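Bear in mind that the values here come from a model prediction, so they are computed numbers and not experimental data. Counting starts at 1 for both ligands and their atoms, following the listed order. Numbers for residues simply follow the sequence, beginning at 1.
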Amino acid sequence: MADEPRSATARAHSNIAFVKYWGNRDHHLRLPANSSISMNLADLHTTTTVAWDSDLQQDTLTINGAIAADSAVERVRNHLDVLRARCKTGHFARVCSSNNFPMGTGIASSASAFAALTVAACAALGLRLSERELSVLARRGSGSAARSIPPGYVEWHAGDSHNASFAETFAPPNHWRLIDVIAIVSRAHKRTGSSAGHETAGASVLQPARISSAAERLRAVKSAIKHRDFGRFADLVEEDSNLMHAVMMTSKPPLLYWEPLSFAIMKAVRYWRTVEKLQVCYTLDAGPNVHCICVASDADRVIARLRSLSSELDILRSAVGCGAYVLAPES
Ligand code: DP6
């Protein structure tokens, strides 16, 4: 007789990097070229239920109630293979995932998705893994997912082996009430996603310069966060984002993620900070949307200014978030 399915539900938050991960030393293991820093986003999360079921003939995946595209199923299946090996099960899994942020807004969900999947899959089998081991495992699904496991302000140590590459908290969520105000410049699906982008990073002559200066930038960003020094933080975060995009633009083929409106917002943010004295800076991931990082007391003013730049702009807002966790079963 088949065993009862064993299931658990977990939630993980998305994160925004201040020192970026771009390029891998080992693509298969997702060992990054440099260590990175991020904050979790309290208001953007993925909730995932995993049911290991001996009756299933293959893994299944729904996202927001709809059967997922083949490419997503394949990526989840590959990650479930990693988890099956670690959890010593040969069963297939039914995976139901939902995001609380609107799909198709160009906000990457792989970090929260693979963190939630990892935590739910292990919990369903009753495995009590440490935060570090969950981060190591989540990294195999998506590099930035390693950073969505621990709470608050997080550093992902690049490491030189599978078990040495993990993320940990260096300041709790309530340490500094920063807000991420995200200007949705385009909802279009990226033509080149992060995974393909990491593979082209090494083709840029600028990547070695970005990598060799990353450790010092990371030390300085961490220190600025610890001392809540917004001026220093802002200059470093913008520099790091510009450096990553300079690498992207000079890869072969070049990756040009900025839209004219992205650039207009970046310039406006610098004006608001340097002339109007708002505590805000920008950072962009592998897409045109602009993350405006600001102190909580300036968030409403930043949103009003963004609206005056373009009334069409969709805007999301998030405070600093906690780590990934298992949800209590519904009774
Ligand atoms: C630009 O973690 O999405 O957002 O490991 O291939 O899933 P994969 O890549 P991913 O890369 C994130 C890249 C980034 C910068 C960052 O978050 O550090």
Side-chain angles (χ1 to χ4, degrees), residues 12-41 44 46 71-72 74-76 78-79 82 99 105-118 135-150 153-159 162 165-167 180 182 189-202 204 207 210-211 214 217-218 221-222 236-249 251 255-258 262 282-291 293 318 321:
H13 299 267
S14 179
N15 67 70
I16 178 68
F18 301 141
V19 172
K20 306 289 189 186
Y21 149 49
W22 196 247
N24 284 313
R25 279 190 302 163
D26 182 322
H27 289 297
H28 177 65
L29 289 179
R30 284 193 158 84
L31 293 180
N34 63 285
S35 297
S36 55
I37 277 191
S38 59
M39 79 176 194
N40 281 353
L41 298 175
L44 307 183
T46 302
S71 56
E74 189 187 337
R75 192 164 171 185
V76 163
N78 289 340
H79 192 54
V82 170
N99 297 314
T105 43
I107 297 298
S109 53
S110 67
S112 52
F114 283 94
L117 175 65
T118 303
S135 177
V136 161
L137 284 171
R139 190 198 79 235
R140 294 289 305 276
S142 175
S144 53
R147 297 190 310 239
S148 282
I149 297 288
Y153 294 89
V154 168
E155 176 177 356
W156 171 14
H157 306 284
H162 173 55
S165 188
F166 67 100
D180 184 3
I182 311 167
H189 197 73
K190 303 183 260 206
R191 250 172 298 158
T192 307
S194 300
S195 299
H198 290 298
E199 296 196 18
T200 68
S204 165
Q207 175 75 338
R210 191 189 75 82
I211 298 302
R217 236 175 359 267
L218 186 144
V221 172
K222 226 167 129 176
L236 289 160
V237 168
E238 290 182 355
E239 181 189 356
D240 192 83
S241 175
N242 291 346
L243 277 167
M244 180 182 73
H245 283 271
V247 168
M248 291 163 160
M249 288 175 195
S251 292
L255 295 172
L256 305 172
Y257 286 118
W258 296 350
S262 319
Y282 66 77
T283 184
L284 290 86
D285 281 342
N289 300 327
V290 186
H291 294 252
I293 311 295
S318 179

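Of all the heavy atoms in L284 and N289, the pair that sits closest is CG-O, 3.6 Å.
Classification of the Y21-W156 ring pair by plane angle, with boundaries at 30° and 60°, yields perpendicular. By the 30° and 60° cut-offs, the orientation of the rings of H157 relative to F166 is tilted. A tilted orientation is assigned to the rings of Y153 and F18, their planes being inclined by 30° to 60°.
Residue-level contacts of ligand 1 at the 4.0 Å heavy-atom threshold are A17, K20, Y21, W22, R30, R75, S110, S142, G143, S144, R147, S194, S195, H198, M244, D285, A286.
Ring centroids of Y282 and H291 are separated by 6.0 Å or more, keeping the two rings apart.
Counting heavy atoms from C-beta outward, R140 and T118 have side chains that stay 4.5 Å or more apart.
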